[in-house]
Amino acid sequence: MSQSSAADRPLDHGILVLDYGSQYTLLIARRLRELGAYSEVIDSRVKSPPAGLNVNGVILSGGPDSVYEEGSRTLPDWVTTLNVPVLGICYGMQLLVEQSGGKVRGATKREYGRAAMHVRSTKGPASVLFETTSAPQTVWMSHGDDIGAIPKDYETAGVTDEQVIAAIIHKTLPIAALQYHPEVAHSEKGADLLKRFARDLCKMTLDWDGQARVETLCKHIQDVVGTGHVLVACSGGVDSTVTAALLLKALGPERVTAVFCDTGLLRKNEVPWVAEKLKVLGLRHLEVLSSADLFMRELKGITDPEQKRKIIGRLFIEEFEGYASKHKEFTHLGQGTLYPDVIESAGHGAGAKVIKSHHNVGGLPDRLALKLVEPFRWLFKDEVRSIGLCLGLPDELIHRHPFPGPGLAVRILGDVTPERVKMLQEADHVFISALREHGLYQVPWQAFAVLLPIKSVGVMGDNRTYQQTIALRAVTSSDGMTAGVADLPMSFLTRVSDQIVRQVHGINRVVFDITTKPPATIEWE
Ligand code: XMP
């Protein structure tokens, strides 16, 4: 993935979150942005702050290291020379304590989960972070080390029922440190503390909201594209659709062309549905590449999941490249790349085993010789959704369930044929329509049907049947990395099952997948 220059960022000021490897680091930045304070995440090992970002404050994240162990990550010198407010969280707290002459020790018992913190009255500048009340507040702990002795320049701002030091602040500087995680929703006043940090200590105006995002991103697009013409690859998903809509707003309908590759592996009525939504927003140039025959031909006889994914990824690129090379007017390629992808490709996900070779239209090759315009490469998905709503895209599009790049091919186990695609499309349509009709669509984070490669015996009327099986999958999740099973009423599921068997010719059995991720994955292939 190509890297964009520092000047690409939508705002020139914000809070910098130094990542020490906590599972919650991205959540810190998300929370701050939800509160209206723009923020960015960088690896704690970088040698200087990002060029072009006026740093209003620094947050040191948690992390798995122990400050007293050889090779543990340290506090970069440049943080101190910035002279801005600093908030250390968990490992970040321990770094501040160690650096200022306090003592960090291995906790006698690992603390994980809720604790009750009592706030103490303090005088240092960071006392504005805490509301002093006599009632204890719930805080979320997750640590193996704790503070044995606080540095002499600090005062205690909070202790738990168990007498663990939960919060300290510097006596004269705008520095605070927390043993708990304010970014986690279980920390009762965590969001309030982050808001006070941004507003009262860093003196930021909390104006990073939907409208501000649209305005700054439109300006950014106009600067990057100049008088050029953008080609945007649409997949029907939220990110690429909102990218197209934002490009339209920034550049007008004559300088944006959306290309939709109809692989024949999309959901029922997908292409005309999304095209219609974009047309309403003023899109005039939409090219639908009718590639279904090509995809079916190349997938014929392929049953191995990885092989299917590789073929589809290659065909996507070839189709798109073919189109772009015939139209020389394009100067830029619009992509819906998101901030977590950018951070991950900068190394955080390095070394992970490949479980599935994921792909999406964001994976187009450099040899296209188009400059990239990626308005969302600094944004989180929820921010993209809010931009989509500000731009007038309908809620039903913005809050759709995720859909995998390789489409229905990874939901058809075994051979992918036009007949089996049709069968799955119909069954999936029954399931998803029923979820919507019963007001249950938002209960699962993602729901879909899968066509299994097995036949079983049934009875319809007085006749024996020997037909195919559909599995229904409905999961809860926040990011697709882990998943639970969505709690759908059994009466609803049996009604859907009846409807599928009645309406979809060739299906005589429906099962419901009750496996979490891990050990299973969300998709079946
Ligand atoms: P798994 O099956 O890996 O899926 O548990 C996690 C989430 O990712 C989606 N998914 C994909 N998305 N390209 C994508 O853009 C892909 O190749 C791909 N494979 C799976 C899946 O639908 C789920 O939301």
Side-chain angles (χ1 to χ4, degrees), residues 1 26 232-244 260-261 263 265-267 270 274 295 298-299 302 304-317 319-320 335-342 344-345 349 352-365 374 376-377 380-382 384-385 398-413 416 424-425 428 431-432 435 441-452 471-486 513-525:
M1 184 180 291
L26 279 184
V232 53
C234 285
S235 64
V238 175
D239 307 334
S240 62
T241 311
V242 181
T243 303
F260 209 133
C261 181
T263 58
L265 298 166
L266 297 164
R267 285 170 283 203
E270 178 88 357
V274 175
F295 277 74
E298 298 266 334
L299 285 170
I302 307 293
D304 177 69
E306 274 302 285
Q307 230 181 322
K308 280 184 191 170
R309 284 174 171 272
K310 296 231 162 79
I311 291 170
I312 294 166
R314 172 176 59 78
L315 292 178
F316 246 124
I317 290 170
E319 284 294 88
F320 198 75
Q335 296 198 130
T337 315
L338 298 186
Y339 195 40
D341 304 335
V342 175
E344 213 147 88
S345 70
K353 279 223 171 93
V354 174
I355 306 292
K356 299 177 185 183
S357 21
H358 275 220
H359 84 87
N360 51 33
V361 288
L364 293 165
E374 297 180 309
F376 302 146
R377 65 180 288 118
F380 293 104
K381 188 139 197 141
D382 42 4
V384 170
R385 288 198 159 119
I398 295 300
H399 290 106
R400 297 171 95 192
H401 296 167
F403 188 69
L408 299 182
V410 292
R411 295 177 179 173
I412 296 175
L413 276 64
V416 181
L424 179 58
Q425 278 176 334
D428 189 72
F431 183 30
I432 300 301
L435 282 170
Y441 183 77
Q442 293 300 343
V443 172
W445 181 79
Q446 188 175 17
F448 52 90
V450 181
L451 181 59
L452 304 188
L472 302 179
R473 182 91 165 122
V475 296
T476 55
S477 182
S478 60
D479 51 15
M481 302 298 286
T482 57
V485 179
D513 180 353
I514 51 166
T515 331
T516 57
K517 172 184 179 177
T521 53
I522 296 177
E523 302 290 345
W524 279 45
E525 288 194 337

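Ligands are counted one by one from 1 in listed order, and the atoms in each one are counted from 1 as well. All residue numbers in this chain count up from 1 along the given sequence.
For ligand 1, the atoms sitting less than 4.0 Å from at least one non-hydrogen atom of Lys517 are 1 (P), 3 (O), 5 (O), 6 (C), numbered in the order shown with element in parentheses. Numbered from 1 in the order shown, with element, the atoms of ligand 1 that lie under 4.0 Å from a heavy atom of Thr521 read 1 (P), 2 (O), 5 (O). Atom numbering of ligand 1 starts at 1 in the shown order; those under 4.0 Å from a heavy atom of Gly480 are 6 (C).
Closest heavy-atom approach to atom 24 (O) of ligand 1 within the set Gln446, Arg473, Glu523: this belongs to Gln446.
Taking the ring axis of Tyr339 as reference, the NZ or CZ atom of Arg377 does not stay both within 45° of it and closer than 6.0 Å to the ring centre.
Using a 4.0 Å cut-off between heavy atoms, Trp445 contacts ligand 1 through its side chain alone, with no backbone atom that close. Residue contacts with ligand 1 for Met481 are absent, since no atom lies close enough (heavy atoms, distance under 4.0 Å).
Residues Glu319 and Arg314 are not paired through a salt bridge, judged by the lack of any N-O separation under 4.0 Å between the basic side chain and the carboxylate.
The distance criterion of under 3.5 Å between nitrogen or oxygen atoms is met by Gly405 with respect to ligand 1. Taking any N or O of Ile522, backbone or side chain, at least one lies under 3.5 Å from an N or O belonging to ligand 1.
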Quiz prompt | Residues Leu472, Asp513; criterion side-chain contact (heavy atoms from CB on, under 4.5 Å); working and verdict | solution = CA-CA 6 Å; Leu472 302 179; Asp513 180 353; over 6 Å; no
Quiz item: Stepwise, does the salt bridge (charged side-chain N to carboxylate O under 4.0 Å, His left out) test hold for Arg309 with Glu523?
Solution: CA-CA 12 Å; Arg309 284 174 171 272; Glu523 302 290 345; over 6 Å; no
Exercise. I would like to know whether Val416 and Ile302 meet side-chain contact (heavy atoms from CB on, under 4.5 Å); could you show each step before the answer?
Key: CA-CA 7 Å; Val416 181; Ile302 307 293; over 6 Å; no
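Counting only distance, with no hydrogens or angles, the side chain of Arg411 and the backbone of Leu451 share no donor-acceptor pair below 3.5 Å.
The aromatic ring centres of His401 and Tyr441 sit less than 6.0 Å apart.
Residue contacts with ligand 1 do not include His401, since none of its heavy atoms lies under 4.0 Å from the ligand.
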